[in-house]
Amino acid sequence: MSNELKITIIRSNRKTLSIELRHNEIIARAPFRMKEKEIYKFIESKKNWIDKHLTKINERQRVLDELEPYTKEEIKQFTAKAKFEIPQKVEFYAKQIGVKYNKITIRCQRTRWGSCSSKGNLNFNCLLVLLPDEIIDSIVVHELCHIKQMNHSARFYAEIDKVFPNYKQCHLWLKQNGGMYLNRIPK
């Protein structure tokens, strides 16, 4: 295991210890009463798992770093296509969900696929048009459901499941593959 990894311990009312790997950081979530020595022993016992996942993270980052940025012309084309396609999907799903929305804005965003304001304004990333259709639909449904539930509670996800039961698989796909698209936005 690399010695360069920062270790952050987050204590809470939980009963078990877990670790998460983010780039060059190990996040240990531990119960309040667990001794630091036990936490570090647990982390050491997970050395192989950490090394394996760190290799995956570094390989993915290497691939991302090699991607050519989109040109200004490509971004203009994505935006034009999104301004045509996304509103149709929003209208279709808004009827199914039973919500009314305000305005739709299409932007080239580095970190978000979509957002919904408390006024019902919807923002979508122009890069959505590069994703599989089902993934676009899942993002549209996600943002529209925020009109009913302005949070990420169990009730919010229940609203999504009513209309889009395949949401979890789409969300996972986006988490695994979305960086390949977002990382190509020029800096």
Side-chain angles (χ1 to χ4, degrees), residues 1-67 97 109-118 122-125 127-128 130-132 134-185 187:
M1 182 168 62
S2 172
N3 291 335
E4 334 162 340
L5 292 176
K6 176 184 173 194
I7 297 175
T8 302
I9 298 173
I10 300 172
R11 295 183 181 272
S12 66
N13 249 346
R14 63 184 299 132
K15 292 180 175 26
T16 60
L17 173 62
S18 72
I19 59 171
E20 177 185 340
L21 191 58
R22 286 192 196 154
H23 303 288
N24 289 325
E25 180 181 19
I26 296 171
I27 298 170
R29 299 183 189 281
F32 282 120
R33 294 186 176 181
M34 185 171 276
K35 292 180 179 153
E36 206 166 280
K37 185 178 174 182
E38 288 179 65
I39 296 168
Y40 281 97
K41 187 177 177 182
F42 179 78
I43 291 170
E44 187 59 36
S45 76
K46 298 297 180 186
K47 177 186 179 312
N48 290 340
W49 179 88
I50 291 167
D51 287 343
K52 178 179 153 192
H53 283 81
L54 191 58
T55 300
K56 273 187 192 175
I57 288 170
N58 290 335
E59 176 60 24
R60 178 168 283 188
Q61 190 59 51
R62 189 186 63 69
V63 169
L64 289 174
D65 290 343
E66 291 176 1
L67 294 173
I97 296 166
Q109 298 172 293
R110 196 174 300 284
T111 59
R112 290 180 174 223
W113 291 106
S115 63
C116 175
S117 76
S118 58
L122 303 169
N123 295 300
F124 294 100
N125 194 319
L127 301 183
L128 282 175
L130 301 174
L131 306 181
E134 185 178 39
I135 306 302
I136 302 170
D137 291 350
S138 74
I139 293 165
V140 167
V141 168
H142 180 109
E143 298 312 332
L144 284 168
C145 285
H146 275 310
I147 294 172
K148 285 188 167 184
Q149 293 288 324
M150 221 18 155
N151 54 49
H152 289 108
S153 65
R155 286 193 306 218
F156 168 74
Y157 288 106
E159 290 292 338
I160 290 176
D161 284 342
K162 287 178 192 174
V163 180
F164 205 86
N166 199 26
Y167 176 78
K168 285 180 184 166
Q169 290 90 339
C170 292
H171 182 72
L172 179 62
W173 185 95
L174 196 60
K175 191 174 179 181
Q176 292 172 340
N177 300 288
M180 297 290 202
Y181 299 90
L182 295 175
N183 205 59
R184 292 184 61 195
I185 295 172
K187 297 188 176 151

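The figures here come from the full heavy-atom set of this structure, side chains too, leaving out hydrogens, waters and symmetry mates. Bear in mind that the values here come from a model prediction, so they are computed numbers and not experimental data. Residue numbers count from 1 along this sequence.
- Annotation for Arg11: atom CZ counts as buried by contact number, over 12 foreign heavy atoms lying within 6.0 Å.
- Taking CD1 from Ile135 and CG from Leu130, the interatomic distance works out to 13.0 Å, rounded to the nearest 0.5 Å.
- Between atom CG of residue Asn166 and atom CG of residue Asp137 there is a gap of 10.5 Å, rounded to the nearest 0.5 Å.
- A 4.5 Å side-chain heavy-atom check between Trp113 and Leu131 finds at least one atom pair inside the cut-off.
- The environment of CZ in Arg110 is crowded: more than 12 heavy-atom neighbours from other residues, nucleotides or ligands sit within 6.0 Å.
- Take Asp161 and apply the side-chain contact (heavy atoms from CB on, under 4.5 Å) test, not counting sequence neighbours, and it matches no residue.
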Please table the atom pairs, donor to acceptor, closer than 3.5 Å between any side-chain atom in residues 25-42 and protein atoms at least two apart or in another chain.
| residue | atom | partner | partner atom | Å |
| --- | --- | --- | --- | --- |
| Glu25 | OE2 | Thr8 | OG1 | 2.5 |
| Arg29 | NH2 | Glu20 | OE1 | 3.3 |

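- Between Leu127 atom CG and Met180 atom CE the span is 14.5 Å, to the nearest 0.5 Å.
- Side-chain contact between Leu182 and Thr111 is absent, with no heavy-atom pair separated by less than 4.5 Å.
- Smallest separation of non-hydrogen atoms from Pro132 and Trp173: CD-CH2, 3.4 Å.
- Listed by chain and number, the residues in a salt bridge (Lys or Arg N to Asp or Glu O under 4.0 Å) with Lys148 are Glu159 (sequence neighbours excluded).
- Phe164 is not listed as a side-chain neighbour of Cys145, based on a closest heavy-atom distance of 4.5 Å or more.
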Q.
Please evaluate residues Phe124 and Val140 with respect to the criterion side chain to side chain contact (heavy atoms under 4.5 Å, CB included), reporting the C-alpha separation (whole Å), side-chain torsions for both, the decisive distance (0.1 Å), and the verdict.
A. CA-CA 8 Å; Phe124 294 100; Val140 167; 4.1 Å; yes
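- How far NZ of Lys46 is from CD1 of Ile43: 11.5 Å, rounded to the nearest 0.5 Å.
- In this structure Trp49 satisfies the ring pair (Phe, Tyr, Trp, His ring centres under 6.0 Å) test together with His53, sequence neighbours excluded.
- With sequence neighbours excluded, the residues forming a ring pair (Phe, Tyr, Trp, His ring centres under 6.0 Å) with His152 are His142, His146, Phe156, listed by chain and number.
- Rounding to the nearest 0.5 Å places CG of Asn13 at 7.5 Å from NZ of Lys15.
- Atom OG of Ser115 is separated from atom CD1 of Ile139 by 11.5 Å, given to the nearest 0.5 angstrom.
- Among residues two or more places apart in sequence or in another chain, the side chain to side chain donor-acceptor pair (under 3.5 Å) test is passed with Ser45 by none.
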